[in-house]
**Student:** 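First, the structure itself, so that you have it in front of you.
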Amino acid sequence: MKIALGVSGGIAAYKSAEIVRLLQDRGIRVQVVMTRAAQEFVRPLTFAALSGEKVITDLFGSDDAQANVESAIEHIAIAQTIDALLVAPATADVLAKFAQGIANDFLSTLYLATTAPIVVAPAMNVNMWNHAATQANLETLRKRGVRIVEPGTGYLACGMTGAGRLAENETIVAEVLAALGAAQDLAGETVLITAGPTREKIDPVRYLTNRSSGRMGYALAEAALRRGARVLLISGPTSITPPGAAELTQVETAEEMRVAVLKLFPESTVVIKTAAVADFRPKATATQKIKRKGPMTLELEPTPDILAELARQKKSQIVVGFAAETENILENARKKLSSKSLDAIVVNDVSREGVGFDSDRNAVTIISHDEVIEVPETSKWEVAQHVLDQVVKLRKQATIPA
Ligand code: PMT
């Protein structure tokens, strides 16, 4: 087991030396990465001596271009080999870079390049901690599944008293161990996830679509990656950024989604159909823009039911559907569970304000053939974790001989 320990520039940087030892005591190898500012507080030699590994101090450390290219490639390779990234102490600057996706030094590049679980232990002045910008950055990171070890309250190095003191080292290490434990339960699985809406063309300028933002599906994709899965993400048009490590197929129409899903289905072990696929499409697409000449009638036909086709081709895969309902929620979901031959269905009441479509939050009921799990309103990230917990359980049941 190997983790990268990012040390950024705060007075608490010296405390990270003990974190190296605590992790090594648990049999974990530690690769230390220091920002330039961290090196003003503690010498890299201290961490090199403690960790027994060369400390990474920058992305480009040499005047020689070839050496820099080799170093960048070698350093990025580290992103693929670590089991977790811990940043302690994490300054306000590091949190802001992570939240915004700025990659201008080794640590921020590693954050973007790795799919391993991430733990950050912030430490800073109380006013910086309480600032709306810092809190907004933390919220962004939390939503992406980054584990935050909250700082303690007390006397701070700046002379003020309040929140901002680096959490106790034992607390930080416990969080890393929890992240490592949670990371592996989808390793070896190939999870196919559909996300977002579809668009069905009426004419060259108009289409039928729905309110899906893709957030629920992308949260599932990110969560499955963090738990060790290979993720095949088939997405309708969205304005949000997909997780970098997901293998992305972009589609527009229900028919394109059908083709992509059927192509990737044989290599998948789990399918989660979060996408809000259009149920109807115009029977014919006009080749020219339809003129406004009084009332018009649009003739619609049903789109192919992708889940029904999967049911016919299904071998050992676990197939999970989502159901967007506005009435008789549980009854309708149960009907879909059996009519679409699903292993589980995740139903959300899309008539409720603030959850479901185009929101960061959701409230769902996960129904399988022998269990009903209520997930009260929470972030889509948390909902994704509950869905994946159920997937892991169903996979275990499917592989244990009766
Ligand atoms: O994208 P967000 O803004 O985050 O919103 C998330 C969500 C509300 C879209 C999501 O949580 C959700 O409920 N997704 C399912 C939407 C939907 O299409 O529900 P449905 O009850 O109409 O369909 C049931 C299932 O059949 C779905 O898994 C759907 O992907 C599938 N289906 C639907 C039509 C079709 N032609 N083929 C299908 O396979």
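Both counts, for ligands and for their atoms, begin at 1 and track the order of listing.
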**Student:** Pick one of side chain, backbone, both or neither for how N348 approaches ligand 1, counting any non-hydrogen atom pair under 4.0 Å.
**Tutor:** side chain

**Student:** Do E200 and T253 have side-chain atoms, one donor and one acceptor, less than 3.5 Å apart?
**Tutor:** no

**Student:** Between A275 and ligand 1, does any nitrogen or oxygen pair lie at a separation below 3.5 Å?
**Tutor:** yes

**Student:** Using a 4.0 Å heavy-atom cut-off, which part of R258 comes near ligand 1: side chain, backbone, both, or neither?
**Tutor:** neither

**Student:** May I ask you to identify the nearest protein heavy atom to atom 9 (C) of ligand 1, giving residue, atom name and distance to one decimal place in Å?
**Tutor:** F357 CE2, 3.6 Å

**Student:** Take atom NE2 of H131 as the centre, draw a 6.0 Å sphere, and report whether it contains more than 12 heavy atoms from other residues, nucleotides or ligands.
**Tutor:** no

**Student:** For ligand 1, which atoms have a heavy atom of D305 less than 4.0 angstrom away?
**Tutor:** 36 (N), 37 (N), 38 (C), 39 (O)

**Student:** Quick check on contacts: which atoms of ligand 1 are under 4.0 angstrom from a heavy atom of P304?
**Tutor:** 35 (C), 36 (N), 37 (N)

**Student:** With heavy-atom distances below 4.0 Å as the criterion, list the atoms of ligand 1 near I306.
**Tutor:** 37 (N), 38 (C), 39 (O)

**Student:** Does either side chain, that of K97 or that of N104, offer a donor lying less than 3.5 Å from an acceptor on the other one?
**Tutor:** yes

**Student:** Among the heavy atoms of G356, does any lie under 4.0 Å from an atom of ligand 1?
**Tutor:** yes

**Student:** Does CD belonging to Q250 count more than 12 external heavy atoms closer than 6.0 Å?
**Tutor:** no

**Student:** Just which atoms of ligand 1 are under 4.0 Å from any heavy atom in K340?
**Tutor:** 26 (O)

**Student:** If we only count N/O pairs under 3.5 Å, is T274 in contact with ligand 1?
**Tutor:** yes

**Student:** If we set the cut-off at 4.0 Å for heavy atoms, which region of P197 has an atom near ligand 1: side chain, backbone, both, or neither?
**Tutor:** neither

**Student:** Hey, does L307 come in under 3.5 Å of ligand 1, counting only N/O atoms on both sides?
**Tutor:** yes

**Student:** Do A324 and ligand 1 have an N or O pair less than 3.5 Å apart?
**Tutor:** yes

**Student:** Is it the case that ligand 1 has an N or O less than 3.5 angstrom from some N or O of S212?
**Tutor:** yes

**Student:** For K380, take its heavy atoms, then give the atoms of ligand 1 lying under 4.0 Å from any of them.
**Tutor:** 2 (P), 3 (O), 4 (O), 5 (O)

**Student:** Numbering the atoms of ligand 1 from 1, which are under 4.0 Å from a heavy atom of R215?
**Tutor:** 1 (O), 2 (P), 4 (O)

**Student:** For residues D93 and T91, is any side-chain donor paired with an opposing acceptor at under 3.5 Å?
**Tutor:** no

**Student:** Among all protein heavy atoms, pick out the one at the shortest distance from atom 34 (C) of ligand 1; state its residue, atom name and that distance to 0.1 Å.
**Tutor:** D279 OD1, 3.3 Å

**Student:** Under 3.5 Å, is there a donor-acceptor pair linking the side chains of S235 and Y218?
**Tutor:** yes

**Student:** What part of V346 sits under 4.0 Å from ligand 1 if we count only heavy atoms: the side chain, the backbone, both or neither?
**Tutor:** neither

**Student:** Establish, from distance only, whether the side-chain atoms of R29 and Q24 form a donor-acceptor pair under 3.5 Å.
**Tutor:** no

**Student:** Determine whether the side chain, the backbone, both or neither of A278 has a heavy atom under 4.0 Å from any heavy atom of ligand 1.
**Tutor:** backbone

**Student:** Any side-chain to backbone donor/acceptor pair from K2 onto A84? Under 3.5 Å, distance only.
**Tutor:** no

**Student:** Which option wins on minimum heavy-atom distance to atom 28 (O) of ligand 1: R281, E255, K273, K336?
**Tutor:** K273

**Student:** Is the count of non-hydrogen atoms from other residues, nucleotides or ligands lying under 6.0 Å from R43 atom CZ greater than 12?
**Tutor:** no

**Student:** Can any side-chain N or O of E256 pair as donor or acceptor with the backbone N or O of E252 at less than 3.5 Å?
**Tutor:** yes

**Student:** Indicate yes or no: does an N/O atom of G214 lie under 3.5 Å from an N/O atom of ligand 1?
**Tutor:** yes

**Student:** Return yes if a side-chain donor-acceptor contact under 3.5 Å exists between E189 and T269, otherwise no.
**Tutor:** yes

**Student:** Which residue and atom name correspond to the protein heavy atom nearest atom 24 (C) of ligand 1, and how close is it?
**Tutor:** F322 O, 2.9 Å

**Student:** Take atom CD in E301; do more than 12 heavy atoms of anything else shown fall under 6.0 Å from it?
**Tutor:** yes

**Student:** Using a cut-off of 6.0 Å, state whether more than 12 heavy atoms not belonging to Q313 lie near its atom CD.
**Tutor:** yes

**Student:** Give the residue, atom name and distance (to 0.1 Å) of the protein heavy atom nearest atom 33 (C) of ligand 1.
**Tutor:** V277 CB, 3.9 Å

**Student:** Please indicate whether any nitrogen or oxygen in M216 is less than 3.5 Å from any nitrogen or oxygen in ligand 1.
**Tutor:** yes

**Student:** Would you indicate whether K201, at its atom NZ, is surrounded by more than 12 heavy atoms from other residues, nucleotides or ligands within a distance under 6.0 Å?
**Tutor:** no

**Student:** Check each atom of ligand 1 against the heavy atoms of G321 and keep those under 4.0 Å away; list them by number with element.
**Tutor:** 28 (O)

**Student:** Please could you name the atoms of ligand 1 that T303 approaches to less than 4.0 Å, counting only its heavy atoms?
**Tutor:** 36 (N)

**Student:** With no hydrogens and no angle check, just 3.5 Å: does a side-chain donor-acceptor pair link T140 and N137?
**Tutor:** no

